[in-house]
Amino acid sequence: MIETTLAVREDQPIGRISPRLYGHFAEHLGRCCYDGLWIGTNNTQIPHYKGFRADVVDALRAMPVPMLRWPGGCYADHYHWRDGIGPSNQRPTRLGLSCGLQVEDDNSLGTHEFMYLCQLLGAEPYLAGNMGSGSAQELCDWVEYCNTTVNTTLARERTSNGSASPFGVKLWGVGNENWGCGGNYDVEFYAREYRRYATMLRHVDPAAELVACGQEDEWNTKFMETNRRHLELMDHLSIHRYWIHGGAEIDFTEEQYYALLNEAHETEDFVLRTSAIIQEYAGSNSRPIGIALDEWGVWHPEARSWGPDSQNHRTPITYEQANTMRDAVATAIALEGFHRQCNILTLANLAQIVNVLHAPVMTDGASIWLTPTYYVLQLHKPHIGATALPVEITHGYTQPAANTDINVVSATASVRDGQTAVTLINRHHDQPASVTLIASQSQIESAYIISGDRPNSTNDLNNPIRIQSANLQVNPDGVNQWRIELSPHSIATLQFRS
Ligand code: AHR
């Protein structure tokens with residue numbers, strides 16, 4: 001039995017956990033946007049809100065989804081926004097291009113539909129602009145169409161398409177992965193092009209928050225160096241992190257189990273390294289530059305044609321994959337790091353929201369099921385918008401098998417209006433943990449746990465609720481102390497009463 005003691009440091013607030021750290025990503029890829037979210041206004045088989053699946057939207061709203069990035073991904077750098085406005089029967093059918101797929105794309109889910117989805121979900125929209133096959137003028141026009149309060153022809157067109165009020169979109173991606181699918185730019189050229197686009201975009205909407213495309217340390221350093229005299233044109237630097245070293249989606253070994261968790265854990269180091277690079281150039285720049293981790297999550301070999309073990313991919317690749325308790329634990333590990341880095345990490349988007357990659361919600365025909373990742377995100381709801389608090393491990397137990405000094409049991413905490421919430425993780429592959437939690441709180445409001453019989457337990461079409469959250473027994477264990485029993489590979493959230 002693992003025995004450990006954790007203490008919530010109410011006296012050392014870290015910062016606000018922005019709702020933007022709980023963002024999601026909907027790309028026109030596989031069955032994410034079409035089929036997963038959008039089933040069209042004429043669908044008579046599945047209930048929908050003006051074309052968006054009601055069961056999916058209701059589940060997502062309860063998760064929740066504070067921010068949503070669209071329409072890509074790689075798709076964004078082929079996307080021409082004018083194709084997706086106006087009467088839908090007059091919209092062109094284009095080649096839908098992303099990640100090597102070529103599909104018919106009738107553009108029935110366009111700007112107005114996406115804004116309606118955001119309204120249904122209570123999500124802030126984040127639009128990714130085309131810098132691959134588009135132009136600065138095209139992106140300026142999209143910003144004007146969405147945001148201008150001046151009575152221009154584009155504003156009148158927006159009105160005649162159903163929205164007299166501007167959408168007020170703050171977040172704008174200036175390209176996506178332009179070092180690769182977004183045009184194979186070299187970094188200095190991208191940096192100069194970014195400068196040109198950003199200058200023009202700022203003229204159209206000075207309040208727009210612009211997200212520049214970053215990559216790994218070398219690209220990020222050169223990008224900052226090239227634009228060091230124009231840093232006021234940047235609000236966020238985008239980085240992506242997919243965890244790919246965990247072997248198969250379901251039939252993984254214990255070693256691969258820990259390898260994936262360690263990759264999730266290391267996401268925080270990537271954020272810290274990126275922040276150090278930004279700081280080197282930006283210093284006390286009056287307009288702070290944040291980090292946008294606008295794609296993150298697990299990408300199993302069954303769903304990709306590149307990287308470790310990809311010879312085992314499914315044919316054709318649909319970007320769909322199983323989601324197990326291991327993926328749920330990995331999600332919680334990443335979120336712990338997001339909370340710790342909430343002063344430098346300004347937004348994050350799990351990739352992707354429905355059916356594709358690390359999806360919290362899956363559909364098959366009229367059926368829907370929620371993955372273990374869905375439940376883990378829902379467990380984190382009390383932290384969204386609260387103040388992050390550190391949790392000290394006063395007596396730890398480090399992870400076996402993986403040769404690291406990572407603690408098996410860890411936790412994150414937050415406080416809002418005097419009410420503290422603590423989320424604990426037992427990362428151990430097969431051992432339960434007995435935790436003493438020190439928190440200056442006198443009453444438990446609620447306690448829930450997510451666990452599974454095995455690390456590879458999952459929900460699927462035939463077993464849609466094998467994993468779900470359950471009540472957890474928490475016992476007082478002395479003054480300001482609580483005892484919590486965590487099953488192996490589990491996550492639990494306790495909320496204290498103020
Ligand atoms: O999320 C799938 C793809 O991964 C996105 O389109 C791209 O940005 C990244 O390479």
Side-chain angles (χ1 to χ4, degrees), residues 23-37 67-79 94-103 105 109 114 126-134 171-185 190 194 211-216 219-220 236-245 249 263-264 267 270 291-308 310 313-314 316-321 323 327 330-331 334 347-362 371 373:
H24 288 265
F25 172 35
E27 177 166 19
H28 288 234
L29 174 65
R31 294 190 309 118
C32 181
C33 284
Y34 290 116
D35 208 30
L37 290 163
M67 186 263 278
L68 187 58
R69 177 176 183 244
W70 177 83
C74 294
Y75 179 89
D77 280 302
H78 280 286
Y79 184 65
R94 303 281 188 211
L95 264 182
L97 298 170
S98 181
C99 301
L101 295 186
Q102 294 203 343
V103 295
D105 185 340
L109 166 46
F114 175 69
Y126 169 11
L127 295 178
N130 180 346
M131 227 183 144
S133 66
L171 289 167
W172 291 89
V174 185
N176 169 77
E177 295 194 354
N178 301 91
W179 39 265
C181 65
N184 277 315
Y185 285 67
Y190 172 77
Y194 174 84
V211 185
C213 164
Q215 192 203 27
E216 299 291 330
W219 169 287
N220 297 342
H236 311 264
L237 180 65
S238 150
I239 54 174
H240 293 171
R241 186 52 100 228
Y242 288 103
W243 312 318
I244 57 170
H245 292 98
E249 58 186 9
E263 247 185 308
T267 306
F270 183 34
I291 298 168
L293 181 62
D294 51 14
E295 290 181 30
W296 68 272
V298 181
W299 196 332
H300 291 303
E302 288 82 353
R304 55 178 154 76
S305 58
W306 50 274
S310 58
H313 69 72
R314 291 193 190 91
I317 293 178
T318 59
Y319 299 92
E320 295 181 27
Q321 60 188 22
N323 187 280
D327 302 318
T331 307
L347 62 95
N349 300 74
L350 179 65
Q352 300 194 2
I353 193 164
V354 187
N355 289 333
V356 164
L357 301 182
H358 196 151
V361 175
M362 300 292 292
T371 68
T373 292

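Numbers here are sequence positions counted from 1. Numbering of ligands and ligand atoms starts at 1, following listing order.
Between Leu37 atom CG and Leu68 atom CG the span is 7.5 Å, to the nearest 0.5 Å.
Those atoms of ligand 1 that come under 4.0 Å of a heavy atom in Phe25, given as number and element, are 1 (O). Ligand 1 places these atoms under 4.0 Å from at least one heavy atom of Gln352: 1 (O), 2 (C).
Residue Tyr75 places no N or O, backbone or side chain, under 3.5 Å from any N or O of ligand 1. Not a single N or O atom of Trp299, backbone or side chain, sits closer than 3.5 Å to an N or O atom of ligand 1. Any N or O atom pair closer than 3.5 Å counts here, and His240 shares no such pair with ligand 1. On a distance-only criterion, Cys74 and ligand 1 share at least one N/O pair closer than 3.5 Å.
Looking only at heavy atoms of the protein, atom 3 (C) of ligand 1 is closest to Cys99 SG, 3.6 Å. Nearest protein heavy-atom contact of atom 1 (O) of ligand 1 is Tyr242 OH, 2.7 Å.
Here Val356 has no heavy atoms under 4.0 Å from ligand 1, in either its backbone or its side chain. Of the heavy atoms in Tyr319, none comes closer than 4.0 Å to ligand 1.
Between Cys33 and His28, the shortest heavy-atom distance links the atoms SG-CD2, 3.6 Å. Between His245 and Glu263 the shortest heavy-atom distance is N-OE1, 2.7 Å.
By the side chain to side chain donor-acceptor pair (under 3.5 Å) test, Trp243 is found to be paired with Thr267, residues two or more places apart in sequence or in another chain being considered. Considering only residues two or more places apart in sequence or on other chains, Arg304 meets the side chain to side chain donor-acceptor pair (under 3.5 Å) condition with none of them.
Remark: among candidates Glu27, Glu177, Arg69, the nearest residue to atom 10 (O) of ligand 1 is Glu177, based on non-hydrogen atoms. The closest non-hydrogen atom to atom 8 (O) of ligand 1, taken over Arg304, His28, Glu295, comes from Glu295.
A distance below 2.5 Å between sulfur gamma atoms is not met by Cys181 and Cys99.
Ion pairing of Glu320 with Arg314 is absent here, as no side-chain N (NZ or NE/NH1/NH2) approaches a carboxylate O to less than 4.0 Å.
Judged by distance alone, with hydrogens and angles left aside, the side-chain atoms of Thr371 form a donor-acceptor pair with the main-chain N or O of Ala359 at under 3.5 Å.
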